[in-house]
Number of protein chains: 2
Amino acid sequence: MRKKIVPDIVVGRLPIYLRVLNYLIAEGRQITSSQELGDRLGISSAQIRKDLSHFGEFGKQGTGYNVVFLRDQLKEILNVDRIWKMIMVGAGDLGHALANYHRFASSGFEIMAIFDNDPDKVGTKMGEQPIYDVADMDQFIEDNEIKMAVIAVPTVAARDVAAKLIECGVTSILNYAPVTLTVPIGVRVQYIDPVARLQHMTYYQNEETE
Amino acid sequence: MRKKIVPDIVVGRLPIYLRVLNYLIAEGRQITSSQELGDRLGISSAQIRKDLSHFGEFGKQGTGYNVVFLRDQLKEILNVDRIWKMIMVGAGDLGHALANYHRFASSGFEIMAIFDNDPDKVGTKMGEQPIYDVADMDQFIEDNEIKMAVIAVPTVAARDVAAKLIECGVTSILNYAPVTLTVPIGVRVQYIDPVARLQHMTYYQNEETE
DNA sequence: TAGATTGTTAATCGATTAACAATC
DNA sequence: TAGATTGTTAATCGATTAACAATC
């Protein structure tokens with residue numbers, strides 16, 4: 001193994017660092033410090049320095065970090081210095097919203113096509129993307145070497161869809177269905193479940209009213 | 001302080017436990033075990049038992065957990081055995097999608113109104129919800145005792161919106177804008193950032209192709 | 001009773017923080 | 001040079017896991 005293993009929790013913070021660096025650049029800043037980044041993100045400067053140290057040395061003592069340089073380094077580390085082709089499965093309300101979510105494209109994640117099993121939808125468009133039949137999904141994934149997919153189907157269908165995607169060679173899944181997917185090693189799933197997030201917060205709501 | 005403090009990371013897992021219990025109930029199951037729950041969720045049975053132990057004793061030795069009983073207990077712990085009134089700020093594409101995301105309502109989170117600053121939108125409806133002027137937001141929050149809000153505005157507006165929400169008495173914010181919010185203690189924010197999730201996964205993508 | 005599974009304790013593992021030498 | 005801030009080490013803190021007595 002060439003790459004020293006880095007805790008997954010550290011990797012998960014890098015996109016947040018990248019995000020704040022982009023804002024600093026937009027503000028015209030040249031230099032920042034672990035202190036400033038920490039203040040902006042509500043975490044300690046020590047944690048930021050420690051996290052970055054897993055990947056190399058990006059700053060200058062006494063000065064701080066060049067924001068453009070650090071941003072570019074993080075993009076390279078995260079492999080987002082390129083375009084990623086994705087597909088989405090599910091052309092319902094949620095799929096519709098995601099098809100119109102332009103931040104995907106502007107961040108380098110391009111939804112090439114949407115797949116659905118509703119004959120009325122197949123052949124039409126959603127946002128900029130064509131809707132195809134799920135039966136043609138494996139061919140499309142193969143032809144376009146798709147590695148990333150978004151699941152936006154009803155909960156009951158999510159497991160089967162995930163299985164098919166993985167079978168076809170997809171190795172990263174962004175899953176909007178509120179169900180835990182069991183996947184083989186080498187495949188990653190990230191979950192988006194706003195209801196779970198709300199329920200996490202309501203736990204703390206009672207204390208205030210007691 | 002009446003309540004023994006529970007690690008936040010444990011609280012964050014409870015909604016996932018609740019979710020799988022609901023599926024087990026839908027499947028007609030009466031009893032489950034920490035082993036089965038762990039298998040379904042990809043975590044250890046020890047962790048599930050340990051997590052639950054922070055809140056009480058819910059199982060029977062040799063038997064396991066009554067799924068309905070445990071579900072009801074978790075709902076009570078999370079304060080989701082009631083309806084939560086929410087507002088949403090931002091009537092753009094994202095707000096539109098969220099207004100039509102019926103899982104909020106079916107989980108007990110009711111979006112009462114949507115606020116926007118676009119005069120063309122104010123007075124119209126989105127999904128079932130009326131769109132009001134943001135200028136009327138404080139009054140509405142006060143009148144309806146709103147404690148929870150969803151931010152679905154452009155990034156540049158998110159900080160100001162959050163500040164106003166908090167000023168009006170909102171204590172839980174689900175933030176879809178890709179920016180970290182600084183909030184006073186007693187206020188909670190949860191972030192939904194699908195792009196950050198994708199970037200987390202692309203980190204691991206290169207290993208396979210090397 | 002014998003088998004199964006909980007709740008809990010102690011051990012292990014991992015992540016965060018504090019502190020500081022190095023150095024720009 | 002003096003001041004500032006990094007990168008890193010060691011200490012601390014917290015979370016997960018393993019193991020098992022209790023008991024249904």
Side-chain angles (χ1 to χ4, degrees), chain A residues 1 3-17 20-21 24 29-74 77 180 200 203-204, chain B residues 1 3-17 20-21 24 29-74 77 180 200 203-204:
Chain A
M1 194 177 286
K3 185 181 282 184
K4 184 179 42 167
I5 54 119
V6 175
D8 185 63
I9 197 164
V10 172
V11 177
R13 279 192 292 261
L14 298 187
I16 308 305
Y17 299 166
V20 70
L21 287 165
L24 287 167
R29 298 285 302 279
Q30 307 282 324
I31 298 290
T32 188
S33 65
S34 59
Q35 179 70 52
E36 181 179 46
L37 292 172
D39 288 348
R40 286 232 191 185
L41 297 172
I43 61 186
S44 75
S45 63
Q47 178 159 87
I48 288 174
R49 294 198 301 279
K50 181 83 162 121
D51 283 355
L52 295 177
S53 75
H54 286 99
F55 305 96
E57 306 189 357
F58 306 108
K60 271 200 182 65
Q61 280 105 324
T63 309
Y65 302 92
N66 177 303
V67 290
V68 170
F69 175 74
L70 183 55
R71 191 264 311 259
D72 290 343
Q73 291 290 304
L74 287 179
I77 291 165
T180 301
H200 186 162
Y203 173 81
Y204 299 98
Chain B
M1 197 177 283
K3 185 181 281 186
K4 183 180 40 164
I5 54 120
V6 174
D8 186 64
I9 197 163
V10 172
V11 177
R13 280 192 292 262
L14 298 187
I16 308 305
Y17 298 166
V20 70
L21 287 165
L24 287 168
R29 297 285 303 281
Q30 308 282 323
I31 299 291
T32 188
S33 65
S34 59
Q35 179 70 52
E36 181 179 47
L37 293 173
D39 288 348
R40 287 233 191 184
L41 298 173
I43 60 185
S44 75
S45 63
Q47 179 160 87
I48 288 175
R49 294 199 301 279
K50 183 81 162 117
D51 284 355
L52 295 177
S53 76
H54 286 98
F55 305 97
E57 306 188 356
F58 306 109
K60 271 200 183 65
Q61 279 105 324
T63 308
Y65 302 93
N66 177 302
V67 289
V68 171
F69 175 74
L70 183 55
R71 191 264 312 259
D72 291 343
Q73 291 290 306
L74 287 180
I77 291 165
T180 302
H200 185 162
Y203 173 81
Y204 299 99

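Residue numbers begin at 1 in each chain, while the letters A, B, ... track the order of the sequences. Just the heavy atoms: all of them, side chains too, but no hydrogens, waters or symmetry mates, feed the values below.
B:T32 has its side chain out of reach of B:R40: every pair of non-hydrogen atoms, C-beta onward, lies at least 4.5 Å apart. Between A:I43 and A:I16 there is no side-chain heavy-atom pair separated by less than 4.5 Å. Looking at B:Y17 and B:L70, their side chains never come closer than 4.5 Å, going by heavy atoms from C-beta outward. Contact annotation: the side chain of A:D8 approaches that of B:H200 to within less than 4.5 Å [non-hydrogen atoms, C-beta and beyond]. Residues A:V6 and A:D51 form no side-chain contact, since every pair of their non-hydrogen atoms from C-beta on lies 4.5 Å or further apart. In this structure, the side chains of A:L74 and A:L52 come closer than 4.5 Å at one or more pairs of heavy atoms.
One can place CG of A:L70 at 16 Å from P of D:dT5, the figure rounded to the nearest angstrom. Atom pair B:Q35:CD and D:dA19:P shows a separation of 14 Å (rounding to whole Å applied). Regarding A:Q61, its CD atom lies at a distance of 19 Å from the P atom of D:dA2, rounded to whole Å. With rounding to whole Å, A:L52 atom CG is found 16 Å from C:dA15 atom C1'. Rounding to whole angstrom units, CD1 of residue B:I9 and P of C:dA15 are separated by 10 Å. Rounded to whole Å, the distance from CG on B:D51 to P on D:dA15 is 10 Å. Regarding B:F55, its CZ atom lies at a distance of 13 Å from the P atom of C:dT8, rounded to whole Å. Look at CG on B:D8: it is 13 Å from P on C:dT16, rounded to the nearest Å.
Among the atoms of the strands shown, none is found under 4.0 Å from any heavy atom of B:S45.
Using a 4.0 Å cut-off, no side-chain N or O of A:S33 falls inside it from OP1 or OP2 of D:dT5. Contact annotation: B:T63 side-chain N/O to C:dT5 OP1/OP2 distance is not under 4.0 Å. Close to D:dT17, at under 4.0 Å from its OP1 or OP2, lies a side-chain N or O of B:S44. The phosphate of C:dT16 has OP1 or OP2 within less than 4.0 Å of a side-chain N or O from A:Q47.
When the nucleotides D:dT5, D:dG7, D:dA19 are ranked by their closest atom to the side chain of A:S53, D:dG7 comes out on top. Comparing C:dT16, D:dA22, D:dT6 by their closest approach to the side chain of A:R13 singles out C:dT16. Distances from the side chain of A:Y65 to the nucleotides D:dT6, C:dT5, C:dC24 place D:dT6 closest. The side chain of A:A46 lies closest to C:dA18 when the candidates are C:dA18, C:dT5, D:dT5.
For B:G56 and A:K50, each mapped to the nucleotide of DNA chain C holding its nearest heavy atom, the one lying further toward the 5' end belongs to B:G56. Residue order along DNA chain C, read from the 5' end via each residue's closest nucleotide, puts B:T32 first among B:T32 and A:P7.
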Output field dot_bracket for DNA chain C (Watson-Crick or G-U, both distances under 3.5 Å, | for other-strand pairs) contains ..||||||||||||||||||||||
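Closest heavy-atom contact between B:I31 and B:V67: C-CG1, 4.1 Å.
Rounding to the nearest 0.5 angstrom, the gap separating the CZ atom in A:R49 from the NE2 atom in A:H54 is 14.0 Å.
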